[in-house]
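Reading through the C-alpha cells given below for one structure.
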Number of protein chains: 2
Amino acid sequence: MTRAGRPRRGGMRQVAQLAGVSVSTVANVLNNPRLVAADTRRRVQEVMTEVGFVRSGPARQLRGLPSQLVGVVTLDQGNPFYAVLNRGIEDGLADAGCVTLTCSTDVRPETEARVLRLLEEQAVRGILITPNSPDVGGILDVSRRGTPVVLVDGPEDCDSVCSVTIDHRLGGQLVAAHLIALGHRRLAYVRTAVEAVPAIDRLDGFRAALRTAGLDPATALVEVRTSPAARLVEDADRIVDELLDRADPPTAIACANDLAAVGVIRGLVRRGRRVPGDVSVVGYDDLDFAALLHPALTSVRTPVRELGRAAARMLLDEGGDDHHHAEVRFEPTLAVRDSTGPP
Amino acid sequence: MTRAGRPRRGGMRQVAQLAGVSVSTVANVLNNPRLVAADTRRRVQEVMTEVGFVRSGPARQLRGLPSQLVGVVTLDQGNPFYAVLNRGIEDGLADAGCVTLTCSTDVRPETEARVLRLLEEQAVRGILITPNSPDVGGILDVSRRGTPVVLVDGPEDCDSVCSVTIDHRLGGQLVAAHLIALGHRRLAYVRTAVEAVPAIDRLDGFRAALRTAGLDPATALVEVRTSPAARLVEDADRIVDELLDRADPPTAIACANDLAAVGVIRGLVRRGRRVPGDVSVVGYDDLDFAALLHPALTSVRTPVRELGRAAARMLLDEGGDDHHHAEVRFEPTLAVRDSTGPP
DNA sequence: CTGAAAGCGCTAACAT
DNA sequence: ATGTTAGCGCTTTCAG
C-alpha cells in the first residue's frame, strides 16, 4: 500500500483560524487553560483533536524552553549492564517528563566525539556519559559550552562536572579478600579485552587486596585476557586450558564479568574439575542469571538501576541555581553463592 | 571565559558578526563550503571554534529539514532482548546520522500513549515500536498524522504501516517438534506473566505442533505461569515442584525465555533430576549465556540485532517517494544443544 | 478575557 | 562570492 501524501500538520495558527480565535488564545489553552473562557477553550480543544494538532517541540525549544531530551552515552547499549543502567536513567527522568537519546560508542573515540556533537546540536537538556577512556577532555568541553554533563562510572578526579561512580577498586578487593579468606593462594584473574577505567580499577583493587594479605601479585596472580573477538564460547575453553595446564594451576579464578565466569565454569566442567570443589569461580556484575546458575555464581553486585536513577536526578538537579558539582559513589557488594569455597 | 554563569551560546549571527561576514556566508561555510572563498571560510571556521559554535538542531528542524531523531519504543529497554534490538536499530540508523530516543512502556497502555505523544511532539523522523497489545489503534493514529511508524514484533494483520515480525508461532513449533521427535509425550510449557502478542504466538505454535503430531494439548501439555513478581529464583523452584509432584510429571519443559529455563534447570538439579537425562529443558531467545551453560541450553534463536537493523532501514526507506508498506518476517531457528535428549 | 507583534536560530530563495 | 530577507511554530510581553 502506498502512503497517501503525508498530511501536512498545521500548527497553532491553523487551529486558531478554524476556531476563530488568535494564536495566543490557542497558546493559552495549552499553557494557561484557566485564563481562557470555558467555551472558547472547549471550541479550541475540539478543533485541536479534529485536525490532530500536535505541538512542535522544536519550536518551543527555539523559544528557549528547556528541552525534554537527555543524551545518554554508554559503551554499548546492547550490553545487559548498560541496558539496565539506561533503564534506571529512564526511570529517574520520567517524572520530569524527559526521555533519553541513547547512543553507544563501542569504546571508539571518534564515535564518542560524533555522538557528543550530535547531542549538543540537539540542544539536549544534559548528557549522561560513560566515558570510554580516562581522557575526558572532549567531554569537559561540552560541559564548558553549556550542556550539563554527568559522568557515569568514569574517572573521579574531576570536579568541574557531576559524577556518579562505582567503587570498582572496592569491587576487586572484595573478590580477592573473599578468595583469600577461603584459603586460596594461587589466583587467576580473567580480564576483558577492553581497557576501560572500571576494568583497570577492578584489577587494581584485586592486586591491592593480595598485597594487603601479604601475597605478591607477581607470583600469586595469573592474569589472562579474553580475546577481543569475544567468541566467548571457545575463548573460555582456551583460557581454562591455559590455566589448568600451568605447573601451578590456580585454585580460584576471578572474572571481569559474569559471562566470562559462566564460560570458565563450563570449561572447568569439561576438564573434569568441580566448582567449587576443585576450583572456585567469581563473576562480576551479578546479572540476572548469575543467581540461577548451577552452581549459583558468586559475583559482585552493583545497584545499577539505582545508579542510573541517581545519575538522572543529578542531571535534573543542575537546573537549580545553587548547584554544586558533586560525586556520588556507589559501593558494590559481594554476593557470595555456591561457586566459591575452600581450595 | 568572558561571561560568568552558563556561557550563552551565540548563533550563526554572532559568528557572522565576529568574522565580519553575513549569516548566509556562515550558513554556506556549514552547508556548501565550496561556495565560499578559502580564506573567508577559514576565518569563519576559526571564529566558530573560538566561540564554541554549535548548530541548533531545533532551528534547522523548524525550517523543515528532516529530523535526526528516531523514536524507539519497547516493553523494557533493560531487558536483554530489547537491549540488543535497540542496539541493532542504532546500528541501522548510524549511517543516516540518526540517533534513537528510547522509551520503555512496561506493557502499560498509558505509558505507551504518553511516550508516543512525546515522540510525536518532538517531530521525530519516525517511530519504531514494539506494541504492548494487539490493539494498535493509537499507534496507527500517529502514523495517520504523518509520523512514519514501523511495528516491531507485533501483530501482522495490519497493512497501513510497515512491520518487522518474528514468526514466534514457528518458534513454538520448532520447540515442540524437536521434543516430540526426541520421543517426549508429556510436555510442560512455562509461560511468562506478561500477555504480549509474541508470548501468545509461541504457545499457539507449540500447541499446533502437538496437534500435528497427533497429541492432544489438553492431556499432553501442562501450562505453568511464572508469577508477575518475577522473583525468578524462588519462582523457578516453585514451578519445578509443581511439575514434578504431579501424578504424570512431564519429561520435557519448554520455557518462554532463557532466564526461566535456567531457573528450571537449577530447580531440577536441586530435586535430583538430571538434564537432559531425566528431563529435557528448552529456552527461548538464545541470549548470550545460553550456549555457555552446563548443560548448554537448547534455545530458540532470533537474529535480534539484524532484526533491529532491518526495522531501522525500513523506517529510513519511508522517505522514498514510491514507498510501499511491507512486512519483513524473520524466522527463528532452534539451536539444539545439550539440555534436550530422549526421555 | 483575547489579540497583535516581536523574535528564538536557521535555511533558501533572491539580490548584488 | 557574499549579502538581504522572509519565514518555520511557538511563547511572551503588552494592548485592547
Side-chain angles (χ1 to χ4, degrees), chain A residues 6-45 47-48 51-68 118 120-125 145-147, chain B residues 6-45 47-48 51-68 118 120-125 145-147:
Chain A
R6 186 152 158 182
R8 179 94 193 94
R9 252 175 14 196
M12 291 182 10
R13 207 183 175 111
Q14 185 197 19
V15 172
Q17 196 148 22
L18 289 174
V21 297
S22 73
V23 277
S24 46
T25 295
V26 176
N28 277 334
V29 171
L30 255 19
N31 305 324
N32 310 83
R34 29 198 8 154
L35 290 188
V36 183
D39 56 338
T40 311
R41 197 194 320 158
R42 260 222 340 232
R43 190 153 32 95
V44 172
Q45 277 162 341
V47 175
M48 290 202 296
V51 303
F53 170 75
V54 179
R55 256 165 130 143
S56 162
R60 307 187 79 206
Q61 225 173 302
L62 194 53
R63 274 298 300 179
L65 278 82
S67 170
Q68 305 187 87
L118 200 84
E120 218 179 339
E121 293 188 350
Q122 294 304 324
V124 293
R125 168 99 143 244
R145 261 178 241 122
T147 304
Chain B
R6 203 172 307 176
R8 176 99 189 87
R9 251 177 12 195
M12 292 183 7
R13 208 181 173 111
Q14 186 198 20
V15 172
Q17 196 147 23
L18 289 174
V21 297
S22 74
V23 276
S24 49
T25 296
V26 176
N28 277 334
V29 171
L30 254 20
N31 305 324
N32 310 82
R34 30 198 7 155
L35 290 189
V36 183
D39 56 338
T40 310
R41 196 193 321 157
R42 258 220 342 230
R43 190 154 29 96
V44 172
Q45 277 161 341
V47 174
M48 292 202 295
V51 302
F53 171 76
V54 178
R55 265 164 123 138
S56 161
R60 308 187 78 207
Q61 226 174 303
L62 194 54
R63 273 301 304 189
L65 279 82
S67 170
Q68 305 187 87
L118 200 84
E120 218 180 338
E121 292 189 349
Q122 294 304 325
V124 294
R125 166 99 145 244
R145 260 179 242 122
T147 304

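Both backbone and side-chain heavy atoms feed into the values below; hydrogens, waters and symmetry mates do not. Every chain is numbered from 1 and lettered A, B, ... according to where its sequence line falls, protein lines coming before strand lines.
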B:Val23 has a side chain; which of D:dT11, D:dT4, D:dG9 sits nearest to it?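 Between D:dT11, D:dT4, D:dG9, the one nearest the side chain of B:Val23 would be D:dT4.
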
Shortest side-chain distance from A:Ser22, nucleotide among D:dT11, C:dC10, C:dG3: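 Looking only at heavy atoms from C-beta outward on A:Ser22, the closest nucleotide is C:dG3.
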
May I have the distance from [X] (atom [atom1]) to [N] (atom [atom2]), rounded to whole angstrom?
X        : N      : atom1 : atom2 : result
B:Arg43  : D:dA1  : CZ    : C1'   : 12 Å
A:Asn32  : C:dC1  : CG    : P     : 13 Å
A:Leu35  : C:dT2  : CG    : P     : 10 Å
A:Met12  : D:dC8  : CE    : P     : 13 Å
A:Asn28  : D:dT12 : CG    : P     : 10 Å
A:Glu121 : C:dC10 : CD    : C1'   : 12 Å
A:Leu62  : C:dC10 : CG    : C1'   : 8 Å
A:Phe53  : D:dG9  : CZ    : P     : 10 Å

Would you indicate what B:Arg63 reaches in the nucleic acid, counting non-hydrogen atoms under 4.0 angstrom: base, sugar-phosphate, or nothing?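 Base contact.
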
Considering every strand and a 4.0 Å limit on heavy-atom distances, what is the contact class for A:Thr25: base, sugar-phosphate, or nothing?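 Here A:Thr25 touches the backbone only, sparing every base.
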
Is there a donor on the side chain of B:Ser24 or the base of D:dT5 sitting less than 3.5 Å from an acceptor on the other?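 Side chain to base: no pair below 3.5 Å.
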
Please report the shortest heavy-atom distance between A:Arg41 and A:Val36, naming the atom on each side.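 Answer, listing the atom of A:Arg41 first, then A:Val36: NH2-O, 3.4 Å.
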
Determine the minimum heavy-atom distance between A:Ser67 and A:Arg125, stating which atoms define it.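 That would be O-NH1, 3.0 Å.
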
Phosphate contact ([N] OP1 or OP2) by [X] side-chain N/O below 4.0 Å:
X       : N      : answer
A:Ser56 : D:dC10 : no
A:Asn31 : D:dT11 : yes
B:Arg41 : D:dA1  : no
B:Arg60 : D:dC8  : no
A:Arg13 : D:dG9  : no
B:Thr40 : D:dT2  : yes

Give, for atom CE of B:Met12 and atom OG of B:Ser56, the distance between the pair rounded to the nearest 0.5 Å.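 B:Met12 atom CE to B:Ser56 atom OG measures 10.5 Å (nearest 0.5 Å).
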
OG1-CD distance between B:Thr147 and B:Glu120, expressed to the nearest 0.5 angstrom: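 Interatomic distance, B:Thr147 OG1 to B:Glu120 CD, rounded to 0.5 Å: 5.0 Å.
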
Hey, which of these two, A:Ala27 or B:Val36, hits DNA chain D nearer its 5' end, going by closest nucleotide?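 Per heavy-atom nearest nucleotide, the more 5' residue is B:Val36.
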
Measure the shortest side-chain to side-chain distance between A:Met48 and A:Leu30 over non-hydrogen atoms and say whether it is less than 4.5 angstrom.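 A side-chain contact under 4.5 Å exists here.
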
